[in-house]
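What follows is a set of notes on a single structure, which appears directly below.
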Amino acid sequence: MPELPEVETVVRGLRRSIPGRTILSVRLGKMDFIDNPVALEMHLPGRRIESVERFGKFMLLRLSAVIAGERVASDDNGDAAAASLLVHLGMTGQLAPSAAAEPAGKHTHVYLTLDDGRELRYTDPRRFGRMAYLTEAQLAAELTAFGADPLLVGAEEFATRIRSRNSRIKALLLDQTVLRGVGNIYADESLWRAKIHPTRVGNRLSVKETETLRKVLQDILKKAIVMRGSSISDFLDANGEPGEYQRRHRAYGREGERCYRCKTTIRRAIVAGRSSYFCPKCQPEPRRRKRKPSRARAKKS
DNA sequence: CGTTGAACCTGTTTGC
DNA sequence: TGCAAACAGGTTCAAC
């Protein structure tokens, strides 16, 4: 459920009351989605949360360096220096503070006790999310593999990233090493708006088409953030509130309904392994590509 | 390189 | 009603 707009919504919510708080203790339930559970228990207590940031679909809680004297940095592990708690919400993750006395749900697996009587809790039924305590060096290494920020990427870079690839545009939009933060909903919404069929191949899109796609993608992401994301069945922000952007969806989840532009019935097909919704009229299907002219003897056709 | 399908895990919806 | 199948905002990895 969480794509860039939803993660940004959670981050903005957390920024209102989390920075400045110190983590007093850590309690863990199931921990198969945590890189190194012991690292959390060992290094989080005593740390102050300096800020909350977003990187693609990741949330980063920036942690203070351990105050000298509080805990002596006698080791060279770097565990006394600034570090971060990286959180990915997967499909069903939620990160929100609540009063420590508030009963937690069945799928709440991480409890960070704060110094103001609250607990920052991570809840995730499917546990497709991820949590990890990372030093600065580990964090830097972790983030290098990701692509451009879809909100900031310029026309030239976007065109290059898309038009240099031989994959379907749907797959490219979902590929986090191409763009960081776009998921299934916003990929389909932007393709519908740009009138581009999800199976069109990147290197066969014109410069004009990629520029249209970049603009509508940015416009959609910005509007979705303003509307606090899309809540399909269970997305809730850091205040437990659902988003409103699902009311603006034009393609995603609309199989069998009529296209807002031409009234044609919206169709669903699996592209890049994901349900993809599109208007078969507004988004014309590309001509099937001939297979490679393998002159290496293939028996023939 | 690129594509597909399976796997990870739990819950909800849909179909017979 | 009951039960099984299909499906879900994501990522990763093996196999071709």
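Since the model is a prediction, treat every value here as computed from it, not as a measurement. Chain identifiers are assigned alphabetically (A, B, ...) following the order of the sequence lines, protein sequences preceding nucleic acid strands; residue numbering begins at 1 within each chain.
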query = Given C/dG9, C/dT11, B/dG2, which nucleotide is nearest the side-chain atoms of A/Arg165?
reply = B/dG2
query = Of the nucleotides B/dG2, C/dG9, C/dT11, which one has an atom closest to the side chain of A/His88?
reply = C/dT11
Whole angstroms only, please: what is the [atom1]-[atom2] distance between [X] and [N]?
| X | N | atom1 | atom2 | answer |
| --- | --- | --- | --- | --- |
| A/Met59 | C/dG10 | CE | P | 14 Å |
| A/Leu4 | C/dG10 | CG | P | 11 Å |
| A/Phe58 | C/dG10 | CZ | C1' | 10 Å |
| A/Phe33 | C/dT12 | CZ | C1' | 18 Å |
| A/Leu236 | C/dG9 | CG | C1' | 13 Å |
| A/Arg161 | B/dC1 | CZ | P | 14 Å |
| A/Gln94 | C/dG10 | CD | P | 16 Å |
| A/Asp124 | B/dG11 | CG | P | 11 Å |

Would [X] and [Y] pass as an ion pair if we require N to O under 4.0 Å?
| X | Y | value |
| --- | --- | --- |
| A/Asp188 | A/Lys170 | yes |
| A/Arg247 | A/Glu244 | yes |
| A/Asp237 | A/Arg12 | no |
| A/Lys30 | A/Asp32 | no |
| A/Glu142 | A/Arg130 | yes |
| A/Glu189 | A/Arg193 | no |
| A/Lys223 | A/Asp219 | yes |
| A/Arg54 | A/Glu8 | yes |

request  = Could you work out the separation of C/dA6 and B/dA6 based on their C1' atoms and round it to a whole Å?
outcome  = 16 Å
message = Suppose you measure atom P in B/dT14 against the same atom in C/dG9; what distance do you get, rounded to whole Å?
response = 15 Å
task = Tell me, with the steps shown, if A/Ser230 and A/Tyr186 meet side-chain hydrogen bond (donor to acceptor under 3.5 Å, both in side chains).
result = CA-CA 10 Å; A/Ser230 302; A/Tyr186 300 101; 2.7 Å; yes
task = Decide, applying a 5.5 Å centre-distance limit and a 30° plane-angle limit (both strict), whether A/Phe128 stacks on B/dC8.
result = yes
Would you classify [X] as touching base, sugar-phosphate or nothing, given that sugar-phosphate means primed atoms plus P, OP1 and OP2, and contacts are heavy atoms under 4.0 Å?
| X | answer |
| --- | --- |
| A/Gly183 | sugar-phosphate |
| A/Arg130 | nothing |
| A/Lys170 | nothing |

For [N] and [X] - does any side-chain N or O of the residue sit under 4.0 Å from the phosphate oxygens OP1/OP2?
| X | N | value |
| --- | --- | --- |
| A/Lys57 | C/dG10 | yes |
| A/Arg127 | B/dC8 | no |
| A/His107 | B/dC9 | no |
| A/Ser167 | B/dT3 | yes |
| A/Gln176 | C/dG10 | no |
| A/Lys30 | B/dC9 | no |

Protein and nucleotides 5-8 of chain C: nitrogen or oxygen contacts under 3.5 angstrom:
| from | atom 1 | to | atom 2 | distance (Å) |
| --- | --- | --- | --- | --- |
| C/dC7 | OP1 | A/Arg268 | NH2 | 2.8 |
| C/dA8 | OP1 | A/Ser275 | OG | 2.7 |
| C/dA8 | OP2 | A/Ser275 | OG | 3.3 |
| C/dA8 | N3 | A/Arg126 | NH1 | 3.1 |

ask   = Would a line drawn from the ring center of A/Phe33 to the ring center of A/Tyr122 be shorter than 6.0 Å?
value = yes
key: Identified side chain to side chain contact (heavy atoms under 4.5 Å, CB included) partner of A/Tyr133 from the options A/Arg47, A/Met42, A/Glu41   = A/Arg47
request  = Check DNA chain C for consecutive Watson-Crick or G-U pairs with both distances under 3.5 Å and list the runs of at least three as stems.
outcome  = B:2-8 with C:10-16, B:10-16 with C:2-8
